Amino acid sequence: MGIVNVTPDSFSDGGRWLDPGRAVDRGLLLAEQGADIVDVGGESTRPGATRVSEEEELRRVLPVVRSLAGEGVLVSIDTMRARVAEAAVEAGARIVNDVSGGRADPGMARAVARTGVPFVVMHWRGQSAGMDGLADYTDVVAEVIGEVARQMDAVVSAGVDPSQVIVDPGLGFAKSRRDDWALLASLDAWSALGRPLLVAASRKRFLGELLADPDTGEARPARERDAATAAASVLAAAQGAWAVRVHEVRDTADAVRVEAALRRRGPAAPRPAPTAEALTAGARA
Ligand code: PMM
């Protein structure tokens with residue numbers, strides 16, 4: 001899954017793809033480089049971020065979703081708002097990726113149920129502005145999986161079919177660096193939920209701090225974390241992740257192909273362009 005943030009303020013690529021034409025070109029490039037899915041978002045969720053209005057979010061994402069879907073790209077819409085999710089699906093999006101897992105907008109689960117498209121339910125404890133204060137766990141792996149199971153129950157009660165759900169540990173969201181490492185080390189435990197697992201380590205703070213300058217202690221800048229991202233993505237794939245969400249696709253796509261070839265003891269046959277339904281039908285991409 002390649003990322004197109006149509007935002008001025010995302011933590012690692014803020015402002016680069018705010019212009020709709022550039023965002024579409026970026027999405028097409030990511031698809032060409034091996035992304036099966038292009039995730040389009042119009043609201044930054046970096047720690048401390050404040051929210052944009054619904055109108056602004058719609059204005060940013062809809063033309064990009066429409067153009068990419070029109071070019072045959074499988075688009076997911078990264079939004080916490082039901083109205084944005086519905087409008088994006090109408091414009092051609094085939095997956096709804098909600099970092100709040102249905103918790104930020106009480107209408108989201110019903111909206112996704114109406115559309116029938118796959119739904120990413122990410123672990124979430126609160127809005128970005130205050131989430132760093134919510135990273136309080138005694139057993140982070142068990143608690144995060146348990147909370148996602150409850151989020152799943154809530155969206156299923158609102159009408160989402162369990163087969164629509166994709167789960168995500170939400171690395172960096174109400175998590176300390178230690179929590180992120182503990183989660184990345186224990187992804188195989190997520191098979192207990194019986195749903196495809198999406199993992200988004202790309203350029204996140206725990207990688208920046210790992211790669212900090214030894215003299216100054218300053219975290220490695222976000223755009224210089226892509227090799228670490230590819231490594232984290234391979235480790236996620238090796239533990240059964242269904243998809244990994246990244247800013248730079250080519251190197252990670254190559255790296256996860258190596259992991260898949262190792263698992264199969266050889267390269268896989270070339271496969272046709274995937275559909276959202278086919279992608280979520282199996283546990284692995
Ligand atoms: N992280 C970000 C945004 N969207 N979606 C999912 N499913 N999982 C994530 O961890 C996630 C996400 C953080 O911002 P970015 O777009 O700059 O990576």
Side-chain angles (χ1 to χ4, degrees), residues 1-18 23 26-27 30 35 37-49 51-52 57 60-61 64 75-81 84-85 88 93 95-104 108 112 117-125 127-129 131-132 135 144 148 151-152 155 165-175 179-180 183-184 187 190 195-208 221-223 225-226 228-229 232-233 236 241-249 252 276 279-280 285:
M1 177 186 279
I3 303 169
V4 177
N5 284 320
V6 195
T7 58
D9 59 342
S10 283
F11 77 97
S12 73
D13 55 359
R16 293 186 77 197
W17 325 115
L18 187 57
R26 178 69 183 166
L30 296 182
I37 303 164
V38 171
D39 189 40
V40 176
E43 176 171 50
S44 170
T45 50
R46 75 183 152 74
R51 303 209 61 190
V52 296
E57 194 183 344
R60 289 179 186 174
V61 296
V64 180
V75 176
S76 76
I77 176 71
D78 185 344
T79 185
M80 289 186 274
R81 290 188 167 110
V84 176
I95 296 177
V96 173
N97 172 26
D98 177 1
V99 298
S100 84
R103 295 187 62 201
M108 178 62 100
V112 172
V117 302
F119 183 36
V120 179
V121 174
M122 195 193 86
H123 177 256
W124 191 81
R125 282 188 164 183
Q127 293 290 351
S128 298
M131 70 181 175
D132 283 350
V144 168
V148 169
Q151 287 176 233
M152 262 176 75
V155 303
V165 174
I166 296 160
V167 292
D168 182 332
L171 297 176
F173 286 79
K175 314 285 184 317
D179 297 330
D180 287 330
L183 287 163
L184 188 61
L187 294 173
W190 288 73
R195 298 304 312 147
L197 177 68
L198 171 65
V199 178
S202 190
R203 297 182 174 177
K204 286 195 172 160
R205 284 180 298 181
F206 73 111
L207 297 179
R223 281 165 67 183
R225 301 175 189 169
D226 292 324
T229 295
S233 300
W242 160 81
V244 290
R245 177 182 177 278
V246 297
H247 297 85
E248 286 296 334
V249 164
T252 286
L279 280 175
T280 51

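Just follow the structure's listing: the first ligand is 1, and inside any ligand the first atom is 1. Since we're looking at a predicted model, the values are computed, not measured.
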For the side chain of [X] and the backbone of [Y], is there at least one donor-acceptor N/O pair under 3.5 Å apart?
X      : Y      : value
Lys175 : Phe173 : yes
Gln151 : Met122 : yes
Arg245 : Ala200 : no

What atoms in ligand 1 come closer than 4.0 Å to a heavy atom of [X]?
X      : answer
Asn5   : 15 (P), 16 (O), 17 (O)
Leu198 : 7 (N)
Met122 : 6 (C), 8 (N), 9 (C), 10 (O)
Val99  : 4 (N), 5 (N), 12 (C)
Ala200 : 8 (N), 9 (C), 10 (O)
Val120 : 7 (N)
His247 : 15 (P), 17 (O), 18 (O)

Residue set satisfying side chain to side chain donor-acceptor pair (under 3.5 Å) with Glu57, at least two apart, ordered chain then number -> Thr79, Arg81

Inset, instruction - Return yes when Arg203 approaches ligand 1 closer than 4.0 angstrom through a heavy atom, no otherwise. - result: no

Looking at [atom], what's its closest protein heavy atom, distance included?
atom                    : value
atom 6 (C) of ligand 1  : Asp168 OD2, 3.2 Å
atom 5 (N) of ligand 1  : Asn97 ND2, 3.2 Å
atom 17 (O) of ligand 1 : Phe11 CE2, 3.1 Å
atom 4 (N) of ligand 1  : Asp78 OD2, 2.9 Å
atom 1 (N) of ligand 1  : Lys204 NZ, 3.1 Å
atom 3 (C) of ligand 1  : Arg245 NH2, 3.3 Å
atom 13 (C) of ligand 1 : Thr45 OG1, 3.6 Å

(message) Checking Arg223 against Glu248 for the salt bridge (Lys or Arg N to Asp or Glu O under 4.0 Å) test, could you report, in this order, the C-alpha distance in whole Å, the side-chain angles of both residues, the deciding distance, and whether it holds?
(response) CA-CA 9 Å; Arg223 281 165 67 183; Glu248 286 296 334; over 6 Å; no

Smallest heavy-atom separation, Val112 atom then Val117 atom, equals CG1-O, 3.8 Å

Practice task
State, with a plain yes or no, whether a side-chain heavy atom of Ile166 is found less than 4.5 Å away from one of Leu197.
Solution key: no

#### Entry: Verdict with supporting geometry, Lys204 and Asp180, salt bridge (Lys or Arg N to Asp or Glu O under 4.0 Å)
CA-CA 9 Å; Lys204 286 195 172 160; Asp180 287 330; over 6 Å; no

| So, is Ser202 polar-close to ligand 1, with some N/O to N/O distance under 3.5 Å? | no

Does an N or O anywhere in Asp39 fall below 3.5 Å from an N or O of ligand 1?
no

Exercise. Just checking, any donor-acceptor pair under 3.5 angstrom between side chains of Asn97 and Ser76?
Worked result: no

Does any donor atom in the side chain of Asn5 or Thr7 lie under 3.5 Å from an acceptor atom in the other side chain?
no

Query raised in the report: Stepwise, does the side-chain contact (heavy atoms from CB on, under 4.5 Å) test hold for Met152 with Phe119?
Result: CA-CA 10 Å; Met152 262 176 75; Phe119 183 36; over 6 Å; no

